[in-house]
Amino acid sequence: MSNRKTVERVIAPPETHWVGDGFRVHNFFPHATDEQRMSPFYLLDYNSRHYFPPSDKPPGVGPHPHRGFETVTFAFKGKVAHHDSRGNAGVIGEGDVQWMTAGSGILHKEYHEADFARQGGDFHMIQLWVNLPAKDKMTEPKYQAIENREFGKFELDGDLGFVEVVAGAFNGVKGPATSFSPVEIYIAHVKAGAKLDFSLAPNYNTGIVNLEGSLRINAHDEVPVDNFVLFANDGSDFTVEALADSKYFILSGKPLHEPIASRGPFVMNTEEEIRQAMRDYGTGKFGHLE
Ligand code: MN
């Protein structure tokens with residue numbers, strides 16, 4: 001009996017929209033799917049590789065709140081600076097990840113890092129929103145600033161590249177990130193001809209963003225650059241073949257099976273919790289940030 005995880009859809013990048021003036025993103029979900037389809041992941045904004053000219057005023061997005069989930073930012077090209085209402089600040093360097101648990105609520109702002117903005121250059125990133133289980137939505141905010149050298153690294157035979165493991169485990173190699181529900185996140189950097197076998201539970205919602213190059217899944221579905229692969233929940237095993245030197249982002253997670261109520265920067269379980277978040281934001285309970 002086949003235990004094949006088949007491709008449900010290959011989704012071309014939806015039309016871009018701007019988040020502030022610093023992030024030119026394609027929203028793969030929930031825009032192109034329904035909002036439960038990739039649970040526990042709620043949103044994926046993909047800034048495909050885009051050139052930003054030199055600027056003395058770093059582009060980005062000003063202070064805004066979040067509650068009820070985690071924002072996970074992957075900088076593939078370019079650097080992102082952030083500040084929050086609890087006095088935290090930092091830079092997400094090229095190849096690094098910032099895993100921010102907004103939990104009960106935080107205000108932050110996200111900009112291109114000043115030196116990168118001054119020089120200008122290609123900017124390429126993903127921001128993923130990982131929903132929190134109902135019992136953890138009001139957890140204390142926290143960060144995991146994960147540098148590239150801390151990722152797990154699985155080397156392919158024959159000098160064909162490597163797979164970075166950010167969360168979960170691939171072929172026994174573990175990732176450093178901790179999460180509130182089971183998730184797997186890997187980034188594969190491979191040469192043309194590299195073929196990788198993956199095995200992820202059938203019920204786990206699973207997708208791939210093709211960051212660079214050209215892919216073929218299960219010797220059948222061709223995936224152009226900047227496309228998103230949505231897998232069916234039918235089996236476990238799939239193969240990804242690189243038709244050119246390629247880089248791709250794999251995410252997979254156990255669905256939460258809880259109701260979603262969302263508005264803008266808040267992802268909760270009920271409308272009343274959304275109204276409470278708006279009241280708390282309005283009365284300054286998320287703190288203050290210039
Ligand atoms: Mn944000």
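Both counts, for ligands and for their atoms, begin at 1 and track the order of listing. Quick note: residue numbers are just sequence positions, from 1.
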Using 30° and 60° as the class boundaries, would you call the ring planes of Tyr186 and Phe170 parallel, tilted or perpendicular? tilted
Over 60° means perpendicular and under 30° means parallel, so classify the ring planes of Tyr143 and His82, tilted if in between. tilted
Row check, Phe162 ring normal vs Lys153 NZ/CZ: under 6.0 Å, within 45°: yes
Without hydrogens or angle criteria, can the side chains of Tyr204 and Glu184 be said to hold a donor-acceptor pair below 3.5 Å?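 Note: Tyr204 and Glu184 side chains miss the donor-acceptor criterion.
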Consider only side-chain N and O atoms of His288 and Glu290, and report whether a donor and an acceptor are under 3.5 Å apart. yes
Using 2.8 Å as the cut-off, count the protein N, O or S atoms closer than that to the Mn ion (ligand 1). 4
Could I get the full list of ring pair (Phe, Tyr, Trp, His ring centres under 6.0 Å) partners for Phe74, not counting sequence neighbours?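 Partners of Phe74 by the ring pair (Phe, Tyr, Trp, His ring centres under 6.0 Å) criterion, ordered by chain and then number, come out as Phe249.
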